[in-house]
Amino acid sequence: MGHSDWEDLSEFFDDDEFATGAFFKTSTGTMAVTGIFDNAYLLAETGEVDLETTQPRFTCKAVDVLLVEREQEVTIDGQLFSVLTVEPDGTGMAVVVLANE
């Protein structure tokens, strides 16, 4: 299925279902974006030590995060994060990789 098969990406981000709001603090103010928040549990093995951690991510329309930059603050569900990277996937969607504040 190509991007042209589903031009209206907003159906993926219905806030009556799984979507939530993220509030990005930019140089011009606060920008509200609707998307899907995921705070996946990870077990990282570093030599003989296992490190338990999470990797918070926010998936949304790529066009909505064109102005988002590294280290900007973002609030999702009352939690504060900072932006590590914005990774567009080429289909009109992007994953914003976050760090816990």
- Query: How close do Asn39 and Pro56 get, heavy atom to heavy atom, and via which atoms?
  - Reply: OD1-N, 3.3 Å

- Task: Share the residues that join Val95 in a hydrophobic cluster, the rule being Ile, Leu, Val, Met, Phe, Trp or Tyr side chains under 4.5 Å apart at the heavy-atom level.
- Result: Leu84, Val97

Donor-acceptor pairs under 3.5 angstrom involving side-chain atoms of residues 26-33: please list them, not counting sequence neighbours.
unit_1: Thr26; atom_1: OG1; unit_2: Thr28; atom_2: N; d: 3.3
unit_1: Thr26; atom_1: OG1; unit_2: Thr28; atom_2: OG1; d: 3.2
unit_1: Thr26; atom_1: OG1; unit_2: Gly29; atom_2: N; d: 3.3
unit_1: Thr26; atom_1: OG1; unit_2: Gly29; atom_2: O; d: 2.8

- Message: Can you list everything that forms a ring pair (Phe, Tyr, Trp, His ring centres under 6.0 Å) with Phe58? Sequence neighbours excluded, please.
- Response: none

- Item | Sequence neighbours excluded, every pair satisfying salt bridge (Lys or Arg N to Asp or Glu O under 4.0 Å) that has a member inside residues 24-38 | Asp38-Arg57

- Provide the full list of side-chain hydrogen bond (donor to acceptor under 3.5 Å, both in side chains) pairs with a residue in residues 62-73, sequence neighbours left out, each pair given once. none

- Query: Does Val86 share a hydrophobic cluster with Val74, counting links as ILVMFWY side-chain heavy atoms below 4.5 Å and allowing steps through other members?
  - Reply: yes

- Item | Rounded distance (nearest 0.5 Å) linking atom CZ of Phe37 with atom CG of Leu98 | 6.5 Å

- Task: Can you see which heavy atom on Cys60 is nearest to which on Gly35, and at what distance?
- Result: CB-CA, 4.2 Å

- Item | Spacing of CG belonging to Leu80 relative to CZ belonging to Phe23, to within rounding of 0.5 Å | 13.0 Å

- Task: Sort and list the pairs that fulfil side-chain hydrogen bond (donor to acceptor under 3.5 Å, both in side chains) and have at least one residue in residues 74-85, not counting sequence neighbours.
- Result: Thr20-Asp77, Ser82-Glu101, Thr85-Glu87

- Item | Path from Val65 to Ile76 over hydrophobic side-chain contacts below 4.5 Å | yes

- Ala94 and Ala62 have their tightest heavy-atom pair at CB-CA, 3.8 Å

- Message: Show, in sequence, the C-alpha distance, side-chain angles and deciding distance for Val96 and Phe24, and conclude whether the side-chain contact (heavy atoms from CB on, under 4.5 Å) test is met.
- Response: CA-CA 11 Å; Val96 182; Phe24 292 88; 4.2 Å; yes

- Task: State the OG1-CG distance between Thr59 and Asp89, to the nearest 0.5 angstrom.
- Result: 8.5 Å

